[in-house]
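In what follows, chains carry the letters A, B, and so on, assigned in the order in which the sequence lines appear, proteins first and then strands, with residues in each chain numbered from 1.
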Protein chains: 2
Amino acid sequence: MAKRGPYRKGEAKRAEILEKALEVFAVEGYRGTSLRKVAAQCGLSMPGIMHYFDSREDLLTQVLKKRDEDARARHHDPLTLPSALEIIGESQHTPGLVELFVSLAAAASDTGHPAHAFFEERYRVFRETLAQRLEEAQRQGRIRAGLPPERLAPLALAVADGIQLQWMVDRSIDMSQAFADLFQLLEWVPAETGEPSD
Amino acid sequence: MAKRGPYRKGEAKRAEILEKALEVFAVEGYRGTSLRKVAAQCGLSMPGIMHYFDSREDLLTQVLKKRDEDARARHHDPLTLPSALEIIGESQHTPGLVELFVSLAAAASDTGHPAHAFFEERYRVFRETLAQRLEEAQRQGRIRAGLPPERLAPLALAVADGIQLQWMVDRSIDMSQAFADLFQLLEWVPAETGEPSD
DNA sequence: GTCTATACGACGATAGAC
DNA sequence: GTCTATCGTCGTATAGAC
């Protein structure tokens, strides 16, 4: 566990910068927060923090990756429908990170963007996991049939993402509500406690 | 109809710039398209085009406003569910404008942003109009009950917006399909031809 | 490997000449 | 109404101290 290899401290410092950056974007918002401001919060010069990242967009991508990991750690690892609802509710406390997510997703539409692979993978995994949960629920009769899980999954993901756009501009919108409404439409009923998943 | 008043040419020129800017963003994409490039396409210097707009973000807002107006003009004015489906399908041909829309929506989460009022109004009007169509459809039994129109409207809007994020990163996604799937879930059936609306 | 200092080009904004 | 010139800030690149 002690220092081993020359990269040991480097990784720690890199993680520290990431953590600080996450906090800065959460507190001060994404728009108008320059790398120099982030660097100042880390007590470093701007090239100082860029020693650990390829580019600004690389740093932003890592921030979103860490946000996902933090959320995954806060809840039980395998994403379930109730935990998805919780995560959506939690994001209401960090509008700056939602802003960062949406902004970077738009920029990442370019195939050559550093975050493109991240978003592609993220959406793919989320859709697959979601589809699994929905398939289980359908098989157990806890959810309406009518649409196959592979079609329901992107739909549910779209609701989760899309309601964010409305919420950003009108904070009185309840994001959890919208997601829950979709499942009410599906006549979803929770799994029995002790069941493997949901 | 002829020139009347000193502002006559100004408005025409302004509209011309807007039209050209819309085209530039549609063709070349949003990211990496500077005001100087737009200006060059207009045969003007950058301060030249800024004579007609308060700021870069003001110009971008007007571009999105014109995009909405163009879409509204292409279809019958009162938004119906089938025409909403068409508009979503059409946006697949202009990824640069989708990128612009999402990017600006994120930035406009700031209350002081020039586009904030535009998005607030846009979402409000869309939700209200959608809710009206859904209410009619429910009353005529052409759509499942279970959720009131005021809750269904933001949900449908979220699907339309959210599927864009997935599509931007994976162009094989069919945006119209996702929107149609929601209405399949609602067991929606089209209004009779000759009916007032849908 | 870690970090500072410095310089560079491009951006949006703006002042002032014409 | 439109230009040139300039400003401050951004992200980036590099040289070199330690």
Side-chain angles (χ1 to χ4, degrees), chain A residues 2-21 24-25 28-64 99-100 103-104 106-108 110 112-115, chain B residues 3-21 24-25 28-63 99-100 103-104 106-108 110 112-115:
Chain A
K3 64 173 189 287
R4 184 195 57 193
Y7 67 94
R8 205 70 191 83
K9 187 213 167 188
E11 279 304 303
K13 187 78 183 179
R14 179 192 170 87
E16 184 192 324
I17 293 172
L18 231 34
E19 204 161 327
K20 205 71 188 177
V24 173
F25 288 125
E28 308 205 3
Y30 167 61
R31 187 171 163 253
T33 299
S34 68
L35 291 189
R36 281 173 174 90
K37 282 186 194 169
V38 173
Q41 287 290 320
C42 296
L44 266 82
S45 71
M46 187 228 186
I49 71 169
M50 290 314 287
H51 176 69
Y52 298 92
F53 303 93
D54 292 339
S55 65
R56 177 190 114 104
E57 319 218 282
D58 175 40
L59 173 101
L60 297 179
T61 309
Q62 307 300 329
V63 165
L64 286 185
E99 207 185 321
L100 167 59
S103 297
L104 206 63
D110 186 337
H113 190 284
Chain B
K3 64 177 193 282
R4 183 197 57 196
Y7 69 94
R8 205 68 193 83
K9 187 212 166 187
E11 278 305 302
K13 187 83 183 176
R14 178 193 171 89
E16 185 191 322
I17 293 172
L18 231 35
E19 205 162 325
K20 204 74 188 174
V24 173
F25 287 125
E28 307 205 5
Y30 167 60
R31 187 171 162 252
T33 299
S34 68
L35 291 189
R36 281 174 174 89
K37 283 187 193 170
V38 174
Q41 287 290 321
C42 297
L44 263 74
S45 71
M46 183 236 184
I49 71 169
M50 290 312 286
H51 178 254
Y52 298 92
F53 303 93
D54 292 340
S55 67
R56 177 189 114 104
E57 319 219 280
D58 175 38
L59 180 144
L60 297 179
T61 309
Q62 306 300 329
V63 166
E99 206 185 320
L100 167 59
S103 297
L104 206 63
D110 185 337
H113 191 285

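Going from atom NZ of K9(A) over to atom P of dT2(C) covers 6 Å, rounded to whole Å. I17(A) has its CD1 atom 13 Å from the C1' atom of dG1(C), to the nearest Å. As a whole-Å value, the separation of E16(B) CD from dG1(D) C1' is 14 Å. Here dG1(C) presents its P atom at 17 Å from CE of M50(A), a figure rounded to the nearest Å. In this structure, M46(B) atom CE and dC7(D) atom C1' are separated by 13 Å, rounded to whole Å. The CG-C1' distance, from L44(A) to dT2(C), rounds to 9 Å in whole Å. Rounding to whole angstrom units, CG of residue D58(B) and P of dA13(C) are separated by 10 Å. In this structure, CZ of F53(A) is placed 12 Å from P of dT2(C), rounded to the nearest angstrom.
For H51(A), the listed nucleotide lying nearest its side chain is dG1(C); candidates were dG11(D), dT2(D), dG1(C).
Neither OP1 nor OP2 of dG1(C) sits under 4.0 Å from any side-chain N or O of Y52(A).
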Polar atom pairs between nucleotides 7-11 of chain C and protein, under 3.5 Å, N or O only, would you list them?
{"residue": "dC11(C)", "atom": "OP1", "partner": "S34(B)", "partner atom": "OG", "Å": "3.2"}

Tabulated below should be each protein N or O lying under 3.5 Å from an N or O of nucleotides 14-16 of chain D; please produce it.
none

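Counting heavy atoms from C-beta on, the side chains of Y52(A) and L59(A) never come closer than 4.5 Å.
Closest approach of S55(A) and P114(A) over heavy atoms only: OG-CG, 4.4 Å.
Judged as a salt bridge (Lys or Arg N to Asp or Glu O under 4.0 Å), the pairs with a partner in residues 31-44 of chain A (not counting sequence neighbours) are, in order, R31(A)-E57(B), R31(A)-D110(B).
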